[in-house]
Each structure stands twice: as structure tokens, then as C-alpha cells.
Number of protein chains: 2
Amino acid sequence: MSKQERASATFGPVVGCCEPLVREPLSAEQSVELSRVFKAMGDPVRLRLLSLIASHVGGEACVCDLTDVFDLSGPTISHHLKVLREAGLITGERRGTWVYYRVRPDLLAQVSAVLAPAGCDELPVLDA
Amino acid sequence: MSKQERASATFGPVVGCCEPLVREPLSAEQSVELSRVFKAMGDPVRLRLLSLIASHVGGEACVCDLTDVFDLSGPTISHHLKVLREAGLITGERRGTWVYYRVRPDLLAQVSAVLAPAGCDELPVLDA
DNA sequence: CGTCTGCTTCGACGTCGGTCGAACCAGAGG
DNA sequence: CCTCTGGTTCGACCGACGTCGAAGCAGACG
């Protein structure tokens, strides 16, 4: 089972913790898992890629749409997409000539919940 | 005005964006700002430090409390605290012999809101 | 089959970042 | 003033990471 499959298997707590950061301290293992997600988002290009995919019409974006936005080579964009994929933040699917990426809103929601202040630990409702 | 001062000046949008990631794409500048925060949280030690400080009684923790938790040297812990400080996630204050750190819940709430799915863009209420 | 296009993988290069010991600074307490 | 303890800064080391061009792979299309 790959890292990506494990992350997308269920809707359960992917990042290994449900409670907000401010309520109780993270264990060493939880910190390692969660920090992987943050590290993936800790690059300007990747963060922008994520938002471009997330806000694209239809909820998905072709790689060719993304490459034009940046002044970077194709391999570099592909590398960043791979990092986001291995962090469980996006999924890629090939349809014919093109590859389409979409975000995993459940993981985004979980991370958002972990960061939320105490008293806001409810998982937001997904209207998708 | 230092980076830290700029981050703590007001309760306004510190990270340069208010809308959730999934609604509209981040600009290059917004991505750079936001990614700085995520990069700071993208290390297991720093993430755990953050949660230890945030969940500590009284909302603050002395450095001596934090050092014991990790199998790391003092300078290393100090380095990580500096990174978190420069990202605007925590503030430090010397009182006598000891230095106390506390989190900036407003920044945490903003980052949480940016990550939240569309339709959950309300800033959570701080009960502090 | 050949080729063209879209995307990924590979290998290399330069920079950044986490870690440590040593040195340094700030208060507290003789 | 001296010293002791708590933290930070400095300098060095080494592995991790972002970037690229070249090469490779997958479909589409003649």
C-alpha cells in the first residue's frame, strides 16, 4: 500500500490526530506525520499549485494549465506535483494525453481543524 | 519594523490572504508569505514545540520545559524556536532567568481559515 | 510503424537547513 | 566582583531540497 493510497483509503483521520494543536500536545509520531503535510505546503510554488488546482473550474486542472503560470521547467513542476501527491494533498489521473490533478478536500479540512483554536474542533461540513 | 512586529501589529490578515485556498488561486506574493508559515511548521520538532507551547498550562511554556522533551541539544531547540518566532507563530518574553514562549492564536486561526473548504471561511471565534 | 506532444523520471549541481560544540550574554545569588 | 544557570549566537558539517537538461514513457494521429 503506497503512501498515497493509505492517505486516501478512508475519510478518517489521515494525519493521525483529530484534536486541535492548542488542546493537547502532539506525540512524536503525530508530529512527523503532520509535518510532512506542512512541509509539502512549505514551498511557494507548491502552495500556489495547490490553490490553482483547488480553485480551478471543475475542481481539477491539467498539468499544461499549471506549467504556463510559472517561469519554471516542466520537470520542476512535475517534481512539485509529485511531492504534493506523496503528501496526500492531491491525486492525479491520466485521461488520454493529459493528466488531471484534483485536491483531497478531506485532508485539507483535517489540517484546518488541527490548526483551529480550541472550541472550533468540529470538522467543517463538506458541501461537495 | 521587524518581521515579527509586522506579524503581531494587528489582528488583520497577517498571511496576506483571507479567502480559502479552494475559492481562488493565491498570487505569487501570497504564496511566498503563506509558505513561510507552513515551512516553519514543516519540521516535526518545530510542530511539536508549537503544540507543546500552545497546550501548556497558562498558554505559555518556559524553554527549560521544552528542552527536556526532545533528545536534542539546547542550541538546536533555540534555533527551532527562532524559526517559529520569525514566522510569527510564537512570541518570546524574558522574565528574570527564564524565557517564556506563547503562541499567536490569531495567526493559527487565519491559517486554519485559509485551509478550510469553501463555505467555511468564517474566522473562528476566539474565546481568549 | 513512425512521430509528435504531454508528462515523468534520471542524474547532476548548487543552495538551504538541521544539528552540534564552543563561545557568548543575561540575571540571580552569594 | 565572581560564579552559576538558563538561553542564544556562531561556525562548521553534512544531508535534504529545488532546479535544470536529457532521456524515457504514454497516448494520439497519420
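Naming: A, B, ... by sequence-line order, numbering from 1 per chain. Predicted model, so just to flag it, every value in this text is computed and none were measured.
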Nearest-Å distance for atom pair CZ/P, residues A:Arg95 and C:dT5: 23 Å
Close side-chain approach of B:Arg104 and B:Leu108, heavy atoms under 4.5 Å: no
d(CG, B:Leu81; C1', D:dG7) in whole Å: 10 Å
A:Arg85, A:Glu93, A:Glu60 screened by side chain to side chain donor-acceptor pair (under 3.5 Å) with A:Tyr101, the one that passes: A:Arg85
Protein-nucleotide distance (B:Ile77, atom CD1; D:dT9, atom C1'), rounded to Å: 16 Å
d(CD, B:Glu93; P, D:dG7) in whole Å: 14 Å
Nearest to side-chain heavy atoms of B:Arg85, which nucleotide of C:dG6, D:dT8, C:dT8: D:dT8
Selection: residues 55-63 of chain B, any non-hydrogen atom under 4.0 Å of DNA chain D: B:Cys62, B:Val63
Side-chain heavy atoms of B:Val15 within contact of B:Arg36, under 4.5 Å: no
Ring-face cation contact, B:Tyr100 with B:Arg95, 6.0 Å cut, 45° max: yes
Atom pairs under 3.5 Å: protein N/O with N/O of nucleotides 16-23 of chain C:
from: C:dG18; atom 1: OP1; to: B:Arg46; atom 2: NH1; distance (Å): 3.1
from: C:dG18; atom 1: OP1; to: B:Arg46; atom 2: NH2; distance (Å): 2.7
from: C:dG18; atom 1: OP2; to: B:Arg46; atom 2: NH1; distance (Å): 3.3
from: C:dG18; atom 1: OP2; to: B:His79; atom 2: NE2; distance (Å): 3.3
from: C:dT19; atom 1: OP2; to: B:His80; atom 2: NE2; distance (Å): 2.3
from: C:dC20; atom 1: OP2; to: B:Ser73; atom 2: N; distance (Å): 2.9
from: C:dC20; atom 1: OP2; to: B:Ser73; atom 2: OG; distance (Å): 3.0
from: C:dC20; atom 1: OP2; to: B:Thr76; atom 2: OG1; distance (Å): 2.7

Non-hydrogen side-chain atoms of B:Pro20 and B:Val114 separated by less than 4.5 Å: no
Protein-nucleotide distance (A:Asp68, atom CG; C:dC7, atom C1'), rounded to Å: 13 Å
Sidechain-backbone polar pair: B:Ser35 side chain, B:Ser31 backbone, donor-acceptor under 3.5 Å: yes
Sugar-phosphate only, base, or nothing, as touched by A:Ser78 at under 4.0 Å among non-hydrogen atoms: base
More than 12 heavy atoms of other groups within 6.0 Å of A:Asp71 CG: no
A:Leu21 vs B:Ser51 side-chain heavy atoms within contact, under 4.5 Å: yes
Charged tip of B:Arg48 within 45° of B:Phe70 ring normal and under 6.0 Å: yes
Sugar-phosphate only, base, or nothing, as touched by B:Tyr101 at under 4.0 Å among non-hydrogen atoms: sugar-phosphate
5' priority, DNA chain C, between A:Arg94 and A:Lys82 [closest heavy atom]: A:Arg94
